[in-house]
Amino acid sequence: MSPRDAVAARPDRPAPPPRPRRTGPVPVALLLPATLGLLFLVLPLAGLLIRTPWSTLPQRLTEPGVLTALRLSVQAATLATLLCLVLGVPLAWLLARVDFPGRRLVRALVTVPLVLPPVVGGVALLLVFGRRGIVGGWLDSTFGLTLPFTTTGVVLAEAFVAMPFLVIAVEGALRGADVRYEEAAATLGAGRWTTFTHVTLPLVAPGIAAGAVLCWARALGEFGATITFAGNFPGRTQTMPLAVYLALETDLEAAIVLSLVLLTVSVVILVSLRDRWLSSP
Amino acid sequence: MTADPSVPGADPRPAGAVLDAHLVVDRGTFRLDLPLTIGPGEVVALLGPNGAGKTTALRALAGLIPLTDGHLSIEGRHLDDPARRLWTPTEQRPIGVVFQDYLLFPHLTALDNIAFGPRRQGLDRHRARQRAADWLARVGLAEHARRKPRHLSGGQAQRVALARALAVEPALLLLDEPLAALDARTRLDTRAQLQHHLAGHCGATLLVTHDPIDAVVLADRLVIIENGQVVQEGDVATVTARPRTDYVARLVGLNLYRGHADGHRVLLTDGFHLVTGDQHAGDVFVAFAPSAVALHPGRPDGSPRNTWPATITGIQRHGDNLRVQLGGPVTVAADITPAAAAQLNLAPGRTLWAAVKAAETRVYPAAAAPADVAAEP
């Protein structure tokens, strides 16, 4: 008997009773498409692993091009996430706690980048922040600040695409948090700002962390908006996904190695969030 | 407990009241209409059945919901007056609140929970913690300063919540069912401690509760509301001796009837006559304790002036005795000893004779006496 069994067999801690469930054979009409669907999702990933040049992997990973792209990706995704936190958490608070006219519209607008093709997002960013754009032109003439085709542009493009993930996650956490704690803070003399910083934020910290990780993962994988708004300059705007795409045409093995790195990051994120997102009841 | 040791023989509504309010809150079909005045050092219990508007009143006082009408001032400072478009946000009110489930901030230690209020009042971190430590010691939890709320027992959490509310030195302390979440044993200890701390609080205290024992032990004055309206108000002795509604009668454990008196006889609304010790005329209440009701297997002879056949509808334990619910010409509750119960062979459906001595009844006028019931809305 393993220690695990011993715990399970302890009389004072009975296992939860199994839920009543319909038994009988699973219909083929459901089983077949389900199996095909699973294969369709898993096979490409397996293919990636099978084709990985494991013997040369260490050299490949330490090639300067790979490292440069990886470092740029991590830096840009992290900065984008910070930007999303600074702007997105207050936005989520506004949506969750303040009853203002047009709140539904604002919430819909916030989620637009979620469904918008990223390329379109990139074009839109160019039109506004480009050197001849509404804001970009002014930034250029006033501060001499150019955003498109720079690393800052990468950060902006990633933040644009990834922010909805953070806002939605944090708003959900705020709605789930007990507002009576905020009332208790008010009775102790805390205004709304102090209540937000001293009570609300600590209470929803796990939700914010989860939202930030999700946001970071989305930013790391961003392709369409980045290549449109920031271009594809190695060392400056060429992030991992862009490097994968470029390598695909010249050096298949390099593309596979870069893809493997991104896959690993995804799996790590999935595992780190599994308790929060994957433990279905 | 006296109203205020510094004002001997104080009027129940002293001129320098800490809280002077008339709370009117409309919520759909429900309307709370509650005039409320509390003097310095006075503890008022707001009692009522579920849905009577107790919590609404507390939230209105705390500024967590707005008044529809009326006014609210604390220590002469006008905080709420919808007619003059005056409203003060919760954080600017001189109040302290102990919530029903305490709402201690889960991410802060017991000490920092208590220091939270003083910090907001502008004390620096060190002095706020000093004051918090002081309060923690007063509630006897000095050694639990660094514990998080989830590591505190129910009674300890209650005391931390009380210390947190008192640490801001509120003019008005609001307690929302402060003992409801505790088990019977802890409740007894905690109630005694709460009584001690309330006696030391020189501001006004409003205790919202549905537990008559909490109210009787902790409060100087009771305000009883039903359906958002005050049905009875007065000191503990008066209210417990002279209930004016069925709810209050049940609360204080008395049989209560309304009727019309003519000398020693009172004609109840359902046509039954009771003979009473005192003489009265006009609309009256008649009250007597369940222990005043004697049960006999057959029609009793002798002194009792009120006897009637009654059918047992229910039997419950009540302390050391049994409380027997009886139907018949009048419904009545009787307390009898287990020994008597054994002799009587009690069982629901069995018919007995109930007897009440005239001298055991209490008769008082039904017309609202000014001291008993608050002003009409």
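Lettering of chains follows the sequences in order, A, B, ..., and the numbering in each one begins at 1. As the structure is a computational prediction, the values presented were derived from the model and not from experiment. The analysis underlying the following values was restricted to heavy atoms, covering all of them including side chains, and did not include hydrogens, waters or symmetry mates.
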Could you tell me the separation between the [atom1] atom of [X] and the [atom2] atom of [Y], rounded to the nearest 0.5 Å?
| X | Y | atom1 | atom2 | value |
| --- | --- | --- | --- | --- |
| Phe99(B) | Arg180(A) | CZ | CZ | 8.5 Å |
| Glu91(B) | Thr195(A) | CD | OG1 | 7.0 Å |
| Asp178(A) | Asp101(B) | CG | CG | 8.0 Å |
| Arg164(B) | Thr187(A) | CZ | OG1 | 6.5 Å |

**Heavy-atom side-chain contact between Glu183(A) and Thr90(B) under 4.5 Å** = no
**4.5 Å side-chain heavy-atom contact, Arg120(B) and His198(A)** = yes
**Asked** Which atom names give the shortest non-hydrogen contact between Ala190(A) and Phe116(B), and what distance separates them?
**Response** CB-CE2, 3.8 Å
**Item:** For Leu104(B) against Tyr181(A), the heavy-atom pair lying closest together
**Value:** O-CE2, 3.2 Å
**Request:** Heavy-atom distances under 4.5 Å only: say whether Ala205(A) touches chain B with side chain, backbone, both or neither.
**Result:** neither
**Message:** Does Arg103(A) have more than 12 heavy atoms from other residues, nucleotides or ligands lying within 6.0 Å of its CZ?
**Reply:** yes
**Asked** Take atom CZ in Arg175(A); do more than 12 heavy atoms of anything else shown fall under 6.0 Å from it?
**Response** yes
